[in-house]
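Side-chain atoms are counted along with the backbone in the values below, which use heavy atoms only and exclude waters and symmetry mates. Since we're looking at a predicted model, the values are computed, not measured.
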Amino acid sequence: MTPFQYSRAISIDDAIRLHGTVGAKCLAGGTNLVDLMREAIERPTSLVDVTGLSATIQESAGGGLIIGAAVRNSAVAEDPVVRMRYPALARAILAGASAQIRNMATVGGNILQRTRCMYFYDQDGSRCNKRTPGQGCDALEGFNRMHAILGSSPSCVATHPSDMCVALAMLDAIVHVKGIRGERTIPLTELHFLPGNNPEVETQLAYDELIVAIELPALSFAQQSTYVKVRDRASYAFALVSVAAAADVQDDKFKDVRLALGGVAHKPWRAFKAESLLRGETATVELIRAAAEAELADAKPLRDNAFKIELAKRTIASVLSQLLNSKQ
Ligand SMILES: Cc1cc2nc3c(=O)[nH]c(=O)nc-3n(C[C@H](O)[C@H](O)[C@H](O)COP(=O)(O)OP(=O)(O)OC[C@H]3O[C@@H](n4cnc5c(N)ncnc54)[C@H](O)[C@@H]3O)c2cc1C
C-alpha cells in the first residue's frame with residue numbers, strides 16, 4: 001500500500017480544507033476504498049476521515065428527509081420514517097452486502113463506491129480503461145455476464161454496483177455537495193456519468209467537493225414503493241438486474257409512477273421511457289410489457305449477458321404487479 005497521511009475532520013469546512021488538496025480522498029466506512037488501496041488501484045496520499053460529520057436523518061423544509069452523508073447504511077435502513085415513507089430505500093440497502101458491511105458503510109461512500117468489474121480489480125493481468133485510461137477493456141471480449149447492457153461504450157462495459165443508488169434514483173433524490181467554491185445540489189440521476197470515452201471520470205463532482213447529504217423529496221406515493229434484486233445467491237451477491245419502483249394507482253390507472261434499474265448500466269438507470277408510457281394509462285399486463293420493451297429497446301448485450309434483457313423486462317413486470325396487487 002502506498003504511504004498516506006491520515007486526518008480526522010472535525011467539521012465540514014475542516015474536511016473541505018483538508019480534502020481540497022491533490023491526492024486527498026475522503027475515508028468513510030472504508031469498505032470499498034481500503035480494498036482498492038490494498039490492490040494499489042487507488043493511491044491517495046492523504047485520507048480525510050469524514051465519519052464524524054453529518055450523521056443525522058432530519059425532516060427537510062419541503063417535507064422530505066435530509067440524510068447526512070456519514071449516516072451508516074444500516075441506520076438508514078432501520079430508520080422508522082425511512083421504512084414507512086420510503087420502503088424501497090430500506091429494502092435496497094438491506095439487499096446489499098452483509099450486515100457487517102452495512103454497519104460500516106456510509107451514504108456518501110455507497111454513492112461513490114466503484115465498479116466491481118473483475119477486470120478493473122485485476123491490476124496485473126487485465127486491461128481496463130477505467131483504471132488506466134487508454135489501455136483498452138478486456139471485459140468487452142472477456143467473461144462479461146455481470147456487465148452493462150444499457151448506455152455502455154467501446155471503452156467500458158462496467159456496471160455501477162450500488163443497490164441503494166437505484167432506489168435513490170427512483171425517488172428523485174438530490175445530492176447536496178460542498179467544496180472550496182461553495183455549495184450546490186445535483187439530482188442523483190445526473191451525478192454519475194455513462195462511460196463514453198472517459199470511463200475513469202465517474203461523477204460530476206469536482207476534486208474538492210464532498211457529499212454532505214442526500215435529500216429525499218416528499219413523494220406521497222413513495223409509501224407504495226419496493227425494490228427487487230435478482231442475483232446468483234440469496235445474499236452477498238451483486239445484482240444481475242434490480243428494479244426499484246413506486247406507483248400511485250387510482251381507478252386501475254397509473255396516476256404516477258417511478259422506475260429505476262440496477263445491474264444494467266454504468267450508473268443507476270432511471271427508466272424514464274417506461275415511466276412516460278405508463279403514466280396516466282390503465283394498468284394492464286400488456287401495457288407494462290410494452291413499457292418494459294421500450295425501456296430495453298436500445299439494450300446492447302455482450303457475449304454472456306443477453307439474458308439480462310429479458311430478465312430486466314420480467315423483473316419490471318413482476319415489481320409493478322406486486323405494487324398493483326398491494327393496492328387491491
Ligand atoms: C464483500 C462486499 C460485498 C458487497 N456487496 C454489495 C452489494 O450487494 N450491494 C451494494 O450496493 N454494495 C455492496 N458492497 C459495497 C458497499 O456497499 C460499499 O463498499 C460501501 O457502501 C462503501 O461505503 P463506505 O462508507 O465504506 O465508503 P468508502 O470505502 O469509505 O469510500 C468509497 C468512496 O467514497 C468516497 N467518499 C466517501 N464519503 C464521501 C463523502 N462524504 N464525500 C465525498 N466522497 C466520499 C471515498 O473517498 C471513496 O472514493 C459490497 C462490499 C463488499 C466489500
Student check: side-chain heavy atoms of I214 and I174 closer than 4.5 Å: no

Can you name the residues that form a side chain to side chain contact (heavy atoms under 4.5 Å, CB included) with A158, not counting sequence neighbours? T115, C117, K130, C156, H266

Answer yes or no: is there a side-chain heavy-atom contact under 4.5 Å between L168 and V175? no

Can you sort out the partners of R91 under salt bridge (charged side-chain N to carboxylate O under 4.0 Å, His left out), two or more places apart, ordered by chain and number? none

Strictly distance-based, threshold 3.5 Å: is any side-chain N or O of R279 a donor or acceptor partner for the main-chain N or O of R258? no

Residues that Q224 engages under side-chain hydrogen bond (donor to acceptor under 3.5 Å, both in side chains), provided they are two or more places apart: none

Same cluster for I66 and L216 if Ile/Leu/Val/Met/Phe/Trp/Tyr side chains link at under 4.5 Å? no

Determine whether I111 and V201 fall in the same hydrophobic cluster, where Ile, Leu, Val, Met, Phe, Trp and Tyr are linked whenever their side-chain heavy atoms lie under 4.5 Å apart. no

R303 atom CZ: more than 12 heavy-atom contacts under 6.0 Å: yes

Taking only residues two or more places apart in sequence, or in another chain, which ones meet Q5 in a side-chain hydrogen bond (donor to acceptor under 3.5 Å, both in side chains)? none

Donor-acceptor pair, distance only, cut-off 3.5 Å: does the side chain of R102 make one with the backbone of N73? no

Mind checking side chain to side chain contact (heavy atoms under 4.5 Å, CB included) for P301 and listing every partner two or more places apart, or none if nothing turns up? N305, A306, I309

Is T203 reaching over with its side chain to a backbone N or O of L205, donor-acceptor style, under 3.5 angstrom? yes

Nearest 0.5 Å, what's the CD1-NZ distance between I211 and K178? 15.0 Å

Are R85 and D79 close enough for a salt bridge, meaning some N to O gap below 4.0 Å? no

N-O pairing of K267 and E202 below 4.0 Å: no

Once side-chain hydrogen bond (donor to acceptor under 3.5 Å, both in side chains) is applied, do any residues pair with Q250, and if so which ones, sequence neighbours excluded? D248

For the residue pair N110 and S162, confirm or rule out a side-chain donor-acceptor distance under 3.5 Å. yes

Between M164 and V76, does a side-chain contact (heavy atoms from CB on, under 4.5 Å) hold up when you go through it step by step? CA-CA 10 Å; M164 184 186 83; V76 179; 5.8 Å; no

Can a donor-acceptor pair be found, under 3.5 Å and without considering hydrogens, that links the side chain of Y236 to the backbone of G96? no

Given I93 and D163, is the side-chain contact (heavy atoms from CB on, under 4.5 Å) satisfied, shown in steps? CA-CA 6 Å; I93 292 172; D163 292 294; over 6 Å; no

Taking atom types as modelled, is there a side-chain donor on N325 or Q322 under 3.5 Å from an acceptor on the other? no

Roughly how far, to the nearest 0.5 Å, is the OH atom of Y86 from the CE atom of M170? 10.5 Å

Among all residues two or more places apart in sequence or in another chain, which pass the salt bridge (charged side-chain N to carboxylate O under 4.0 Å, His left out) test with D124? none

Verify the neighbour count for atom CG of N103: are there more than 12 heavy atoms of other residues, nucleotides or ligands below 6.0 Å? yes

May I ask you to decide if A206's main-chain N or O and E209's side chain share a donor-acceptor pair within less than 3.5 Å? yes

Are any non-hydrogen side-chain atoms of M37 and F4 less than 4.5 angstrom apart? yes

Contact summary for S126 and D138, nearest pair of heavy atoms: CA-OD2, 3.5 Å

Tell me whether V249 shares a hydrophobic cluster with L287, the cluster being built from Ile, Leu, Val, Met, Phe, Trp, Tyr side chains joined at under 4.5 Å. yes

Assess whether atom CZ of R314 is packed by more than 12 heavy atoms of other residues, nucleotides or ligands within 6.0 Å. no

Indicate yes or no for a side-chain donor-acceptor contact from R131 to the backbone of F120 under 3.5 Å, with no hydrogens or angles considered. yes

Can you tell me if K253 has over 12 outside heavy atoms packed within less than 6.0 Å of its NZ? no

Distance col, row R43:CZ vs L36:CG, nearest 0.5 angstrom, shows 12.0 Å

Between F143 and Y119 the two heavy atoms that sit nearest each other are N-OH, 2.7 Å

E295 bridged to K313 by N-O distance under 4.0 Å: no

Beyond-backbone contact of K255 with F221, side-chain heavy atoms, under 4.5 angstrom: no

Flag yes if more than 12 heavy atoms outside R116 fall under 6.0 Å of its CZ atom; otherwise flag no. yes

Across all chains, not counting sequence neighbours, the side-chain hydrogen bond (donor to acceptor under 3.5 Å, both in side chains) partners of N129 are none

Is the closest side-chain donor-acceptor distance between T51 and D49 under 3.5 Å? yes

Do S242 and Y227 have a side chain donor and acceptor closer than 3.5 Å? yes

Are the side chains of W269 and V166 in touch, meaning some heavy atoms are under 4.5 Å apart? no

Decide side-chain contact (heavy atoms from CB on, under 4.5 Å) for R181 and D208; before the verdict, give the C-alpha distance in whole Å, the side-chain angles of both, and the deciding distance to 0.1 Å. CA-CA 9 Å; R181 283 149 294 178; D208 60 299; 2.6 Å; yes

Is any side-chain heavy atom of V71 less than 4.5 Å from a side-chain heavy atom of T56? no

CD on E190 to CZ on R270, rounded to 0.5 Å: 11.0 Å

How long is the span from the CG atom in N32 to the CD atom in Q113, to the nearest 0.5 Å? 6.0 Å

Output all residues satisfying side chain to side chain contact (heavy atoms under 4.5 Å, CB included) with A169, sequence neighbours left out; order by chain, then residue number. L188, T189, A260, P268

Residues sharing L210's hydrophobic cluster, by side-chain heavy-atom contacts under 4.5 Å among ILVMFWY, directly or via others? I12, I16, L18, V48, V50, L53, I180, Y207, V212

Return yes if a side-chain donor-acceptor contact under 3.5 Å exists between E183 and H176, otherwise no. no

Quick one: does Q123's side chain have a donor or acceptor within less than 3.5 Å of a partner on A40's backbone? yes

Show the nearest heavy-atom pair for residues F238 and M146, with the distance to one decimal. O-CE, 3.8 Å

Take L302 and E141, measure what side-chain contact (heavy atoms from CB on, under 4.5 Å) needs, and give me the verdict at the end. CA-CA 8 Å; L302 300 161; E141 304 295 330; over 6 Å; no

Just by modelled atom types, is the L47 backbone N or O under 3.5 Å from a matching donor or acceptor in the K25 side chain? no

Through direct or indirect side-chain contacts below 4.5 angstrom among Ile, Leu, Val, Met, Phe, Trp and Tyr, which residues connect to I10? none

Could you check whether any side-chain N or O of D13 sits under 3.5 Å from a backbone N or O of S11, counting only pairs where one atom can act as donor and the other as acceptor? no

S276: side chain to side chain contact (heavy atoms under 4.5 Å, CB included) partners, not counting sequence neighbours: none

Would you confirm whether H19, through its side chain, and G179, through its main-chain N or O, come within 3.5 Å as a donor-acceptor pair? no

